[in-house]
Amino acid sequence: MPPSVPSLPRRVARTLRTSLFAQVTCALVLGIVVGKLWPDTATALQPLGDGFTRLIKTVISPLVFCVVVVGIAKAGDLKAFGRIGVKALVWFEIASTAALVIGLVAANVVGPGRGMNVDPSSLNAAAVDETTGGGHLPTTTEFVLNALPHSFIGAFAENELLQVLILACLVGAALLHLGHTKVPKILPAIEQAQEIIFAVVGFIMRLAPIAVFGAMAHLVGNYGLGVMRTYAKLIVLCYVAAALFIALLAVALKAVTGLSLWKFLRYIREEMLLALGTASTESVMPRVMQKLRRAGARDDAVGLVLPTGYSFNLDGASLYLSIGTLFIAQAVGVDLSLGQQVTVVLVLMLTSKGMAGIPGSAFLALSATASSLGAIPAGAVALLLGVDRIMDSMRVVTNLLGNCVAVFAVSRWEGALDTARAKRVLDGEDTSTPDDGEKGLGADKEPGADKEPGADKELGGEKGPGGETGTEALAPGIPAQKPKELKEPAPEAG
């Protein structure tokens, strides 16, 4: 007798109960409907999204700290960690510059602001100050100084990711220097704390559909759908330019690593939908870090490149800023020369690096760019007040994909990517999580290939001759660990 097939309602109920993607999708649609039908009520639902984002932010700093410290300690090579940082910055600069140039070219070709003939004196410049809270972007000196921690606890309390990264690098370097014999319990304790944090993230993620519903209802209720008709040309241009940039990312990822960006997008579809619903990439950082590690990227590469990219690699914001600058100039009838447009790129290359975490940072960057040119009234930035929130989806998707591609590319560049595992995971053939002995493989090896010496270093290895516990070249004067027996590679699924 053939097995009974569950009815459609039961299958739908099971999917909604077990699939975060389905839950978030339903919440997204429901939020749009509520925002459209009951806008006054919908605007009061914003705390649902804000509360979820706050909960996620509480675990980001300790998680980044744990991942980076464990990554450095297990990689056993501080110089390699430094190389990863330098290569990441090079990649970030190339990617963000490409985004700026694509934005300028697109705005010149399409001209989204041409024919608007806006009188700058009719704009409410005070609205920009209200949005930004009277803040300002940091200077280069302020940015560098703000990246240095002034207190160990303060860096975590203020959720300053760059400061936490620096502290993590110092602690990881200290662990390497002291070796296992002097601090035998520190690394296991940090690893256990990391597992606890990931469990907390799992609990918080159960609230994701509620957060998406509240955030989307507030967006539609507060801004309405009519603004999309008013700024249709600008909105379509930004999204098309973002799609072009993402296509270039896909080509770059394929050329550098052989991986498919489409398969990766399908792999992180739940996190992407959540980021879209909450208009925040920070809300998915812990989950994305976990998935990148599962997909074969080494701990130290994930722990350094992804959080740093949140401050240095805002590709979506760069794209939006370049298009927004030309849109404003065209709307008020200012024709920018080629030299002035080059100046726009140079200014935005600097101002976009200090945007992360600052309220109204896009308007501050646009105002700074307008002031540096001297040809665009600073008050004209108010033209984008009505459409800025609609651009969040474009910025979130582009920023997140840009940083994930950076992790894979820099990992491959440094030999810190297990390409074979990445392909299996993205193809859905391997859903397991690497155990502690496999995390951080020196990678790019096919299954069955021998490991290079030192590719799997850990603090506190096996007992050496005479029963004494040794370490593997962790610090000068500490005896080398006896080589571990190689594990047989797991057979490929299917």
Side-chain angles (χ1 to χ4, degrees), residues 60-61 63-75 77-99 147 160-169 172-173 194 249-250 252-253 255-257 259 261 264 267-268 271 275 281-282 284-318 352-353 356-357 398-419 421-422 425-426 434 439-444:
I60 287 178
S61 290
L63 178 61
V64 168
F65 178 82
C66 292
V67 170
V68 172
V69 170
V70 172
I72 294 176
K74 288 196 169 183
D77 187 357
L78 196 60
K79 290 183 180 179
F81 195 72
R83 289 197 304 270
I84 289 174
V86 171
K87 291 173 180 178
L89 292 177
V90 171
W91 180 275
F92 293 159
E93 198 55 54
I94 293 173
S96 56
T97 302
E160 295 287 349
L161 277 187
L162 290 181
Q163 295 182 13
V164 171
L165 274 175
I166 291 175
L167 289 173
C169 293
Q194 177 178 285
L249 284 179
L253 181 65
V256 175
T257 66
L259 302 178
L261 186 62
F264 177 73
Y267 173 58
I268 62 164
E271 291 74 24
T281 54
E282 286 187 340
V284 297
M285 181 193 282
R287 289 262 299 197
V288 171
M289 290 180 72
Q290 195 173 22
K291 286 201 167 182
L292 287 169
R293 292 164 68 232
R294 186 182 300 159
R298 207 167 65 193
D299 282 11
D300 52 348
V302 174
L304 179 62
V305 178
L306 189 66
T308 306
Y310 272 56
S311 296
F312 286 91
N313 192 41
L314 304 175
D315 297 329
S318 299
S352 62
K353 299 297 182 289
T398 312
N399 288 344
L400 186 57
L401 284 180
N403 286 322
C404 290
V405 169
V407 171
F408 281 125
V410 173
S411 298
R412 178 65 179 86
W413 192 0
E414 182 57 27
L417 176 66
D418 189 341
T419 308
R421 179 180 178 84
V425 170
L426 298 187
K439 288 175 186 175
L441 287 177
D444 289 336

To the closest 0.5 Å, what do you measure between [atom1] ([X]) and [atom2] ([Y])?
X: R298; Y: I84; atom1: CZ; atom2: CD1; result: 5.0 Å
X: R83; Y: D300; atom1: CZ; atom2: CG; result: 10.0 Å
X: N403; Y: L314; atom1: CG; atom2: CG; result: 7.5 Å
X: S96; Y: N399; atom1: OG; atom2: CG; result: 10.5 Å
X: L426; Y: K291; atom1: CG; atom2: NZ; result: 10.5 Å
X: L162; Y: L167; atom1: CG; atom2: CG; result: 11.0 Å

Hey, does [Y] have a side-chain heavy atom less than 4.5 Å from the side chain of [X]?
X: F264; Y: L259; answer: no
X: F408; Y: V256; answer: no
X: F65; Y: V70; answer: no
X: L161; Y: M285; answer: yes
X: V64; Y: M289; answer: yes
X: V305; Y: W91; answer: no

Could you check whether any side-chain N or O of R421 sits under 3.5 Å from a backbone N or O of A297, counting only pairs where one atom can act as donor and the other as acceptor?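 No: the side chain of R421 does not pair with the backbone of A297.
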Minimum heavy-atom distance between G303 and V68, given as atom pair plus value: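 Where G303 meets V68 most closely, the heavy atoms are O-CG2, 3.2 Å.
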Side chain to side chain contact (heavy atoms under 4.5 Å, CB included) between L253 and L249: does it pass, once the steps are laid out? CA-CA 6 Å; L253 181 65; L249 284 179; over 6 Å; no
Restricting to side chain to side chain donor-acceptor pair (under 3.5 Å), what partner residues turn up for S61, sequence neighbours left out?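 Partners of S61 under the side chain to side chain donor-acceptor pair (under 3.5 Å) test: N159.
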